[in-house]
Amino acid sequence: MNDWIVTNAPILIIATPLFAAFLTPLVDRVSKRGRDAMVFVATLITLVIAFILAKNVFDNGLVVYTLGGKSVGLTLPSGYHVPVRIILEVDGMSVFMAMISTLTSFVGLLYSFSYIKGEGSGKYYTLFLMMLVGMLGMEMTGDLFNLFVFLEILSVSSAALIAFYARKGKPLEASIKYIIISSLAALFVLFAIGLLYGEYNLLNMGALAGEISSEATFTFTTQIAFILLFASFVLKAGAAPMHMWLPDAYGEAPGAISMVLVAATQASLYALLRVCFTVYSMAIDASTIGIILISLGLVSIFIGATMALIQINMKRLIGYAAVAEIGYILLAIGVGFFELAKVGGGGVISEYGLKALQGGVFHIFNDVLDIGLLFLVAGAVIYVTKESNLNKLGGLAHSMKYSSIFFIIGMAAVSGLPPLNGFASKILIYESVYKVSPITSIIAILASIFMLAIFVKIFHSVFMGPKLSEFATCKEAPKLMLGSMAVIAVIMIFFGLFPDFVVNNIVNPAVNALMNQAGYIGSVLGGV
Amino acid sequence: MALETTGGYWSPVIWLAAFIVAFLISYIIWGMGEKKHAKGEQEKPFLSGMEEPPKEEVHIRAENMYWGFTDTLRGYYDFMKKIHTGIINDYVLWFLGMATIFFIVVILPEVFK
Amino acid sequence: MIYNVPFLAVVVLIAIGAYALLFKRNLIKIAIGLTILESGVNLFLITLGYREGDVAPIYTNLPSGRGMVLPVPQALTLTSIVIGVAVLALILSLIIRIYRKYGTLDSHEMRRLKE
Amino acid sequence: MRKRIGAVVFLVFFAFLLLSVYDLHEFGAPPSEMDDYIIKNTQNETGANNAVTAVVFDYRGYDTLGEATILFTAVAGVMVLFRKGGENEE
Amino acid sequence: MKSEGLSPIVQTIAGILFPMILIFSFYVIMHGHLTPGGGFQGGAIGASAVVMLIVAFGAKNIEKKIREEKLSAFESIGGVVFIAVALLGLVMASTFMSNFLVGDIIFGKIPPFGSNLGILNSGGILPILNLAVGMKVIGGLSAVVLVMALASKEEKNDI
């Protein structure tokens with residue numbers, strides 16, 4: 001039984017929430033409590049499977065799963081040289097992202113139980129599970145077209161959830177902007193997949209990488225396809241100057257969804273990394289791509305931090321801060337890619353290039369946790385006061401003591417104050433970026449200080465000051481909300497106090513998986 | 001117990017120890033201060049003899065918090081507000097524009113090589 | 001290559017859709033543009049699988065001596081069409097709700113969220 | 001101003017796309033390693049005469065699951081948008 | 001009643017055509033593994049039958065007969081069947097989604113290689129999945145159209 005679960009974990013992790021999502025409307029007709037229990041159990045099982053899978057992958061390396069094949073490991077049909085069926089390929093990076101997705105979804109679900117009330121809650125949980133399915137599907141798959149399908153699942157469910165409070169009007173606007181932009185990006189992804197298919201008659205990422213990395217079959221069309229994929233995923237990851245949809249969407253989504261959306265954005269970032277590092281790797285002009293990533297990161301940090309300063313809507317402000325955080329990740333990844341390009345495919349990457357990649361990948365997790373916690377607190381404030389305008393809020397620390405403590409933790413982490421997790425990843429990024437370009441590093445540090453100023457602004461205007469008469473009756477947020485915030489806060493403090501443990505055990509396998517293109521190809525095509 | 005970075009290492013435990021030491025020192029210094037503190041008149045602000053307005057009115061609202069900063073950078077912020085139009089067509093234009101820039105930067109050198 | 005005219009037609013179709021997304025202000029027209037773009041991509045997938053002189057990949061009553069076109073692009077197109085329908089349904093219902101809330105379909109007036 | 005930038009971007013972008021498809025394989029003669037296997041083995045592996053259905057539900061059945069999911073998601077989304085009540089939420 | 005829907009002629013013909021279209025849709029679904037068509041195509045045909053009724057009789061009247069929640073539940077059942085069959089592949093054979101019915105009694109015949117007339121009793125899990133997807137598409141598309149039609153009726157008193 002145990003072996004069976006370990007072997008089939010790559011598909012069970014997707015099938016469980018999917019099955020629960022299909023069952024939700026049926027159970028919802030019978031009993032609301034039963035539905036809540038089922039959704040909770042399904043998400044919990046998914047979380048557990050994610051950790052089982054992670055342990056398996058960290059111990060035994062890359063795991064493949066051939067869907068519908070005669071056996072799980074039979075990636076190529078017997079006696080044939082190209083993969084035909086859809087293959088799930090789970091490496092260190094995939095499980096790293098899967099842990100992020102399942103964890104945030106689990107916490108977000110706990111939060112939603114007390115946040116979402118009234119009509120439509122059944123559909124809410126269906127869509128919520130679909131978001132989880134979309135993220136996990138993107139992260140587990142080894143097939144490009146499959147990636148597109150799950151990208152669309154993620155987009156559609158996110159768009160529907162952003163517009164959940166449709167009566168307010170603004171969520172509708174955010175939602176339609178989000179869905180148009182993301183389906184446009186997804187269509188260009190599909191076009192690029194078509195180009196690759198027409199060129200190589202392959203859809204599997206490992207097999208494609210094998211074809212692309214040989215000089216003879218690398219063509220002009222392949223390059224165009226790369227740019228289309230790159231631009232689309234950068235857009236979906238929310239890098240400036242294509243970030244405009246992101247504050248809209250984050251700002252108007254219901255409480256927990258904002259946090260899960262951060263993880264969803266990181267899933268697109270994962271797709272970007274997969275395309276850059278695994279599918280194309282050194283076939284394209286990697287140093288140029290590295291410089292593009294660095295400049296995108298820099299612009300994102302700058303625009304995100306400065307624009308956040310003038311916002312007066314609380315969640316929109318945090319959304320701009322999220323843009324800046326994405327910038328840090330792109331900056332670090334860009335430096336890593338740039339360094340990787342110097343040594344080509346085979347050589348050993350320089351020390352600081354490796355550290356930059358570690359910092360970037362570690363920061364993906366930290367970004368979700370930090371920004372997620374802030375969104376949860378902001379959601380609780382909105383839940384209690386029904387107000388998100390910073391000019392009207394004030395003095396809530398009198399009634400919401402715990403929430404304000406969680407906000408301080410999140411604020412300190414997101415602006416990189418020691419000893420929290422944000423500092424651990426940011427110092428890796430600063431120091432390694434400094435080796436490549438000192439001025440970039442200094443701008444990044446300054447922007448981090450800027451972020452502290454921004455969040456002091458929120459803290460001052462929401463929690464500080466005298467108790468206002470309009471919020472006199474406000475109480476502390478419900479216990480379940482505080483509990484879910486506490487879960488995130490505890491993880492953040494753990495990551496902050498033991499960064500070496502996290503980097504060695506979770507981040508390093510992910511970074512190694514990113515750089516190990518040959519292993520990824522070999523797992524599909526068999527011992528290259 | 002230490003995270004290796006490019007230039008050295010980062011250890012939260014050492015940091016915490018240093019923090020506690022610094023906290024203790026500052027606590028001792030604080031403890032050496034004036035013990036007697038008269039409550040009452042001393043706490044009220046002196047506003048040239050005017051009445052002190054109620055606290056609700058003194059609370060600085062979010063919009064005014066970094067007024068000096070944003071006013072100095074007004075040119076930059078006006079430009080930023082101008083490009084953040086909120087029109088969906090412009091979002092599409094940014095996407096296609098950036099994709100075109102990527103095309104030009106990455107592919108044109110290859111074409112003319 | 002003159003043989004690649006169908007591919008060029010695909011790009012033209014995509015360009016028409018992108019034109020609507022870029023320059024049309026009416027939300028319905030934007031949705032139509034997205035649909036045209038999607039049709040272009042679907043057409044692209046279908047044309048990728050075409051082999052000259054071959055028939056549909058079905059063995060039932062297959063004319064003897066004829067080859068088959070590639071089946072995978074057809075399957076991909078099917079998937080992509082259904083995805084398109086789903087997205088379009090969502091976009092149209094959003095547009096209905098927006099029209100009711102904002103009283104306009106003009107994308108230049110739908111900008112309560114900016115800066 | 002906006003229109004001019006838009007026109008330039010539009011033209012350059014689609015010039016690149018045109019170049020890419022121009023460079024693609026000749027129309028009517030695609031490479032077909034993967035598909036040839038499917039055409040040859042559809043009948044004995046899946047027992048279906050229709051190769052497209054075999055691809056849709058067997059070889060790439062997982063995609064179809066995703067696609068059914070997306071339809072389901074969209075229906076749920078439309079129903080959320082038009083749900084009754086919800087006047088006094090948030 | 002009079003204000004909703006089209007003229008009695010249209011309503012009568014729609015009533016006659018409705019079962020025919022459903023049968024045709026069922027045919028397309030069940031022959032998906034033999035002839036062009038399949039779950040999606042047949043499902044779309046079936047959904048169009050429901051849409052025809054909605055157009056002919058008006059959304060309000062249809063809603064009295066079938067609530068959209070029922071259609072949505074129908075769709076859910078389709079999805080559950082699909083994923084259950086896929087999971088059965090995991091239990092009965094080796095992997096998720098594997099075609100474990102080939103060579104079995106139900107739908108298990110393997111047709112002779114090359115051109116043939118087609119055997120309905122072939123295809124393994126394909127016909128079952130076709131049916132599941134057909135249910136999903138009929139339920140889903142008609143639910144969407146019904147909800148949107150109802151919503152556009154409500155418009156006047158909601159602005």
Side-chain angles (χ1 to χ4, degrees), chain C residues 1-12 14-16 18-19 21-23 40 44 47-54 56-62 67-98 100, chain D residues 2-3 5-7 9-11 13-32 34-40 42-43 48-61 63-64 66-82:
Chain C
M1 281 170 276
I2 193 67
Y3 289 113
N4 277 357
V5 165
F7 292 150
L8 304 186
V10 162
V11 173
V12 171
I14 292 178
I16 292 170
Y19 172 82
L21 280 171
L22 270 180
F23 298 113
F44 180 54
T47 48
L48 280 176
Y50 177 68
R51 263 199 298 221
E52 204 154 0
D54 288 1
I58 297 169
Y59 278 104
T60 313
N61 297 327
L62 180 73
M68 289 178 179
V69 300
L70 312 190
V72 173
Q74 302 202 7
L76 301 189
T77 313
L78 187 56
T79 310
S80 148
I81 286 173
V82 177
I83 289 173
V85 167
V87 171
L88 191 65
L90 195 64
I91 290 181
L92 286 180
S93 17
L94 280 170
I95 291 176
I96 293 177
R97 290 301 311 248
I98 282 179
R100 228 183 272 171
Chain D
R2 187 190 166 275
K3 279 200 170 164
I5 295 175
V9 163
F10 186 76
L11 290 178
F13 184 81
F14 284 101
F16 274 103
L17 283 201
L18 276 178
L19 276 178
S20 76
V21 293
Y22 185 77
D23 209 41
L24 208 61
H25 66 78
E26 197 175 300
F27 176 70
S32 57
M34 182 166 86
D35 295 74
D36 284 341
Y37 178 87
I38 292 173
I39 291 175
K40 220 173 89 195
T42 299
Q43 286 181 310
N49 266 344
N50 186 343
V52 177
T53 308
V55 174
V56 167
F57 287 105
D58 192 308
Y59 293 102
R60 303 189 69 80
D63 276 351
T64 310
E67 146 192 27
T69 309
I70 212 168
L71 193 61
F72 181 77
T73 313
V75 173
V78 171
M79 286 185 161
V80 159
L81 280 178
F82 291 117

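In what follows, chains are A, B, ... by sequence order, proteins preceding strands, each numbered from 1. Just so it is clear, the structure is predicted and the values come from calculations on it, not from any experiment.
Between C:Arg51 and D:Asp36, the shortest heavy-atom distance links the atoms NH1-OD1, 3.4 Å. When all heavy atoms of C:Arg97 and D:Phe82 are compared, the closest pair comes out as CD-CE2, 3.5 Å. The minimum heavy-atom distance between D:Gly6 and C:Phe23, with the atom names listed, is C-CZ, 3.8 Å.
Between chain C and the residues D:Arg60, D:Glu67, D:Gln43, the largest count of heavy-atom pairs under 4.5 Å involves D:Glu67. When the candidates D:Ala74, D:Ser32, D:Gly28 are compared by the number of heavy-atom contacts under 4.5 Å with chain C, D:Gly28 comes out ahead. Put simply, of D:Ile39, D:Val9, D:Leu71, D:Val55, the one with the most heavy-atom pairs under 4.5 Å next to chain C is D:Ile39. Counting heavy-atom pairs closer than 4.5 Å to chain C, the top residue among D:Gly66, D:Ala51, D:Ala54, D:Gly77 is D:Ala51.
At a threshold of 4.5 Å between non-hydrogen side-chain atoms, the residues C:Leu8 and D:Val21 count as touching. Side-chain contact between D:Asp35 and C:Met68 is absent, with no heavy atoms from C-beta onward closer than 4.5 Å. The shortest distance between side-chain heavy atoms of C:Val82 and D:Thr64 does not fall below 4.5 Å. Using a 4.5 Å heavy-atom cutoff, the side chains of C:Gln74 and D:Val56 are not in contact. Between D:Phe14 and C:Ile14 there is a side-chain heavy-atom pair separated by less than 4.5 Å.
Classification of the C:Tyr50-D:Phe27 ring pair by plane angle, with boundaries at 30° and 60°, yields parallel.
Rounding to the nearest 0.5 angstrom, the gap separating the CZ atom in C:Phe7 from the NE2 atom in D:His25 is 4.0 Å. Atoms CD1 and OG1, from D:Ile70 and C:Thr79 in turn, are 10.0 Å apart once rounded to the nearest 0.5 Å. Considering CZ of C:Phe44 and CG of D:Leu17, their distance stands at 9.5 Å, rounded to 0.5 Å.
In this structure a side-chain-to-backbone donor-acceptor pair under 3.5 Å is missing from D:Asn49 to C:Tyr59.
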List the steps, then state whether side-chain contact (heavy atoms from CB on, under 4.5 Å) holds for C:Leu70 with D:Met34. CA-CA 9 Å; C:Leu70 312 190; D:Met34 182 166 86; over 6 Å; no
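Shown here are the side chain to side chain donor-acceptor pair (under 3.5 Å) partners of D:Thr73, two or more places apart in sequence or in another chain: there are none.
With a threshold of 4.5 angstrom between heavy atoms, C:Val69 approaches chain D through N, CA, C or O but not through any side-chain atom. Within the 4.5 angstrom heavy-atom criterion, atoms from both the backbone and the side chain of C:Leu94 approach chain D. Of the two parts of D:Leu81, the backbone and the side chain both hold a non-hydrogen atom closer than 4.5 Å to a non-hydrogen atom of chain C.
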